[in-house]
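Single-structure report; data block below.
Along the sequence shown, the residues carry numbers beginning at 1. Side-chain atoms are counted along with the backbone in the values below, which use heavy atoms only and exclude waters and symmetry mates.
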Amino acid sequence: MRYLGNKTKLLEFIENVIDKHKIQGDSFADLFAGTGSVGDFFKGRYQIISNDFMYYSFVINKAKLSFNAPPKFDRFSEKYSANIFNWLNSKIFKPNKHFFIYNNYSPIGDRMFFTKENALKIDGIRITIEELYKDKILSENEYYYLLASLLESVTKVSNTSGTYEAFFKFWESRAKKDFQIEPLDLFICKTTKDNIIYSEETNKIVRQIEGDIAYLDPPYSVTQYASAYHVLETIARYDFPFIKGVGGKRDKGKNVSLYSRKQLAINQFEDLFRQIKFNHILLSYSNQSIVELDELVQ
């Protein structure tokens, strides 16, 4: 997934730091989890405690940390005798007033985040996933895996530069591709432990948990993830929010990170370090941070 601060390229580096310093422990907390690449990578080695206050992030982490291999969807296969992804991709949908993405984020809503055809399929598949879950054809974990697969697949046809702050005023080549929901990639491992996934403000959750290793990768710029990925949040929640402006943004509500506010970020760090109850802390730092490195070290 195209995502601000994605740590996929740093996974082996993080592992080497742990090995180099002989850091021991059974639990690993990924406390600003984002798309879950870190927790997914380490899930075969530790019990993972994952947290991020965005709901779409919770969905993705729930999917990645609940399985050591892609699920087989046994109940669905028994009922429909089909591969669930092929089945979803082959369905034909007709729009109505409840198709939120189609009505608001395609040219139908005077926005160009998705073509009309792709927005229609995104809505139709999202609604179908919810119906399958309500009919108990999907388990809870299978539901989150399918929903995370949808979110990942959506980013491959989004008519944006990567975030959803704005859309292109022309159709970029990726946006013109026919939308297909594809299985979410997972790190395959022998087994997963009893991983725990939260969706809370990090400074709140550290007062309630403890463990061995904590990995911190907080926001370092003024960019608010609630704004940058509002479309993914809406697809994940599918809660028909009030939206406004050219970008059709939802109210950020409580999902405003104080780490992205220049006057408050250092106070957030100090509170976090005072309250965290883990034996080892690994911190990723950006040299473009609104908090100076020497100030953070102090």
Side-chain angles (χ1 to χ4, degrees), residues 1-2 54-60 63 73 76 80 82-138 142-160 162-172 174-184 226-253 255:
M1 179 184 288
R2 295 182 294 171
M54 298 306 299
Y55 181 69
Y56 69 81
S57 175
F58 171 83
V59 169
I60 294 169
F73 300 100
F76 175 89
Y80 291 99
N83 175 283
I84 194 167
F85 290 96
N86 294 339
W87 184 81
L88 288 170
N89 286 324
S90 68
K91 289 182 72 67
I92 305 298
F93 303 103
K94 293 184 179 180
N96 59 47
K97 64 181 182 180
H98 300 298
F99 278 48
F100 195 85
I101 304 304
Y102 177 82
N103 289 316
N104 291 284
Y105 296 108
S106 80
I108 296 297
D110 295 324
R111 298 184 180 96
M112 294 176 62
F113 285 104
F114 308 101
T115 63
K116 290 187 292 184
E117 295 78 10
N118 285 343
L120 178 63
K121 292 190 72 175
I122 291 167
D123 276 313
I125 290 174
R126 177 65 183 88
I127 292 168
T128 302
I129 291 172
E130 200 69 28
E131 291 172 345
L132 290 171
Y133 181 51
K134 288 181 178 179
D135 291 341
K136 300 186 177 182
I137 297 170
L138 300 175
E142 289 171 340
Y143 166 76
Y144 282 113
Y145 181 84
L146 270 187
L147 191 48
S149 298
L150 176 63
L151 294 172
E152 176 76 34
S153 299
V154 160
T155 66
K156 297 177 181 178
V157 297
S158 299
N159 194 40
T160 71
T163 70
Y164 296 85
E165 297 281 9
F167 50 80
F168 292 129
K169 295 181 180 179
F170 60 92
W171 291 112
E172 200 231 7
R174 73 165 55 230
K176 293 188 286 187
K177 297 177 181 177
D178 291 335
F179 178 78
Q180 299 277 300
I181 182 172
E182 300 174 352
L184 179 73
S227 176
Y229 297 99
H230 67 95
V231 173
L232 297 186
E233 187 75 359
T234 294
I235 294 172
R237 291 185 180 275
Y238 217 70
D239 54 355
F240 304 93
F242 171 78
I243 60 174
K244 59 185 178 180
V246 176
K249 294 181 180 180
R250 57 191 291 137
D251 182 11
K252 294 190 286 290
N255 291 329

* Asked: Looking at CD1 of Ile235 and CZ of Arg126, how far apart are the two atoms once the value is rounded to the nearest 0.5 Å?
  -> 9.0 Å
* To do: Using the test ring pair (Phe, Tyr, Trp, His ring centres under 6.0 Å), find all partners of Tyr164 that sit at least two apart in sequence or belong to another chain.
  => none
* Minimum heavy-atom separation for Thr128 to Phe93, with atom names? -> OG1-CE2, 3.6 Å
* **Shortest non-hydrogen contact between Leu184 and Ala148, atoms and distance** => CD2-CB, 3.7 Å
* Listed partners of Asp110 passing salt bridge (Lys or Arg N to Asp or Glu O under 4.0 Å), at least two apart -> none
* Which pairs count as salt bridge (Lys or Arg N to Asp or Glu O under 4.0 Å) when at least one residue sits in residues 226-235, sequence neighbours excluded? -> Glu233-Arg237
* Asked: Can you tell me how far the CD1 atom of Ile84 sits from the CG atom of Leu146, to the nearest 0.5 Å?
  -> 4.5 Å
* **Atom pair CZ (Phe240) and OG1 (Thr234), whose distance is rounded to the nearest 0.5 Å** => 10.5 Å
* To do: Not counting sequence neighbours, which residues clear side-chain contact (heavy atoms from CB on, under 4.5 Å) with Thr115? List them please.
  => Glu117, Asn118, Trp171
* Under the side-chain contact (heavy atoms from CB on, under 4.5 Å) test, residues paired with Ile127 that sit two or more places apart -> Phe99, Glu131, Tyr238
* **Point-to-point distance, once rounded to the nearest 0.5 Å, from CD1 of Ile181 to CG of Leu147** => 8.5 Å
* Does the side-chain contact (heavy atoms from CB on, under 4.5 Å) test come out yes or no for Ser149 and Phe85, once each step is laid out? -> CA-CA 10 Å; Ser149 298; Phe85 290 96; 3.9 Å; yes
* Below 4.5 Å, heavy atoms only, C-beta onward: do Tyr145 and Phe73 meet side chain to side chain? -> yes
* Decide if atom CG of Asp135 counts as having more than 12 heavy atoms of other residues, nucleotides or ligands within a radius under 6.0 Å. => yes
* Asked: Which heavy atom of Ala166 sits nearest a heavy atom of Thr160, and at what distance?
  -> O-CG2, 3.6 Å
* Return each pair, listed once, that meets salt bridge (Lys or Arg N to Asp or Glu O under 4.0 Å) where at least one residue sits in residues 143-156; pairs must be two or more places apart or across chains. => Lys156-Glu182
* Identify, with sequence neighbours excluded, every residue that meets ring pair (Phe, Tyr, Trp, His ring centres under 6.0 Å) alongside Phe242. => none
* **Ile101 and its side chain to side chain contact (heavy atoms under 4.5 Å, CB included) partner, picked from Leu120, Ile108, Asp123** => Asp123
* Sorted by first residue and then second, give each side-chain hydrogen bond (donor to acceptor under 3.5 Å, both in side chains) pair with at least one member in residues 87-104; sequence neighbours left out. => Asn89-Gln180
* Without swapping roles, check the side chain of Arg111 against the backbone of Val246 for a donor-acceptor pair under 3.5 Å. => yes
* Aromatic rings Phe113 and Phe167: how do their planes relate, parallel, tilted or perpendicular, breaks at 30° and 60°? -> perpendicular
* Partner set under side-chain hydrogen bond (donor to acceptor under 3.5 Å, both in side chains) for Asp239, not counting sequence neighbours -> Arg250
* To do: Look up atom CG in Asn159 and atom OG in Ser106, then write down how far apart they are to the nearest 0.5 Å.
  => 11.5 Å
* Structure fact -> Tyr55 meets the side-chain hydrogen bond (donor to acceptor under 3.5 Å, both in side chains) criterion, sequence neighbours left out, with none
* Asked: What do the steps show when you test Phe179 against Val154 for side-chain contact (heavy atoms from CB on, under 4.5 Å), and what is the final call?
  -> CA-CA 8 Å; Phe179 178 78; Val154 160; 4.1 Å; yes
* **By ring pair (Phe, Tyr, Trp, His ring centres under 6.0 Å) - contacts of Phe114 (at least two apart)** => none
* State which residues pass ring pair (Phe, Tyr, Trp, His ring centres under 6.0 Å) with Tyr133; sequence neighbours excluded, sorted by chain then number. => Tyr143
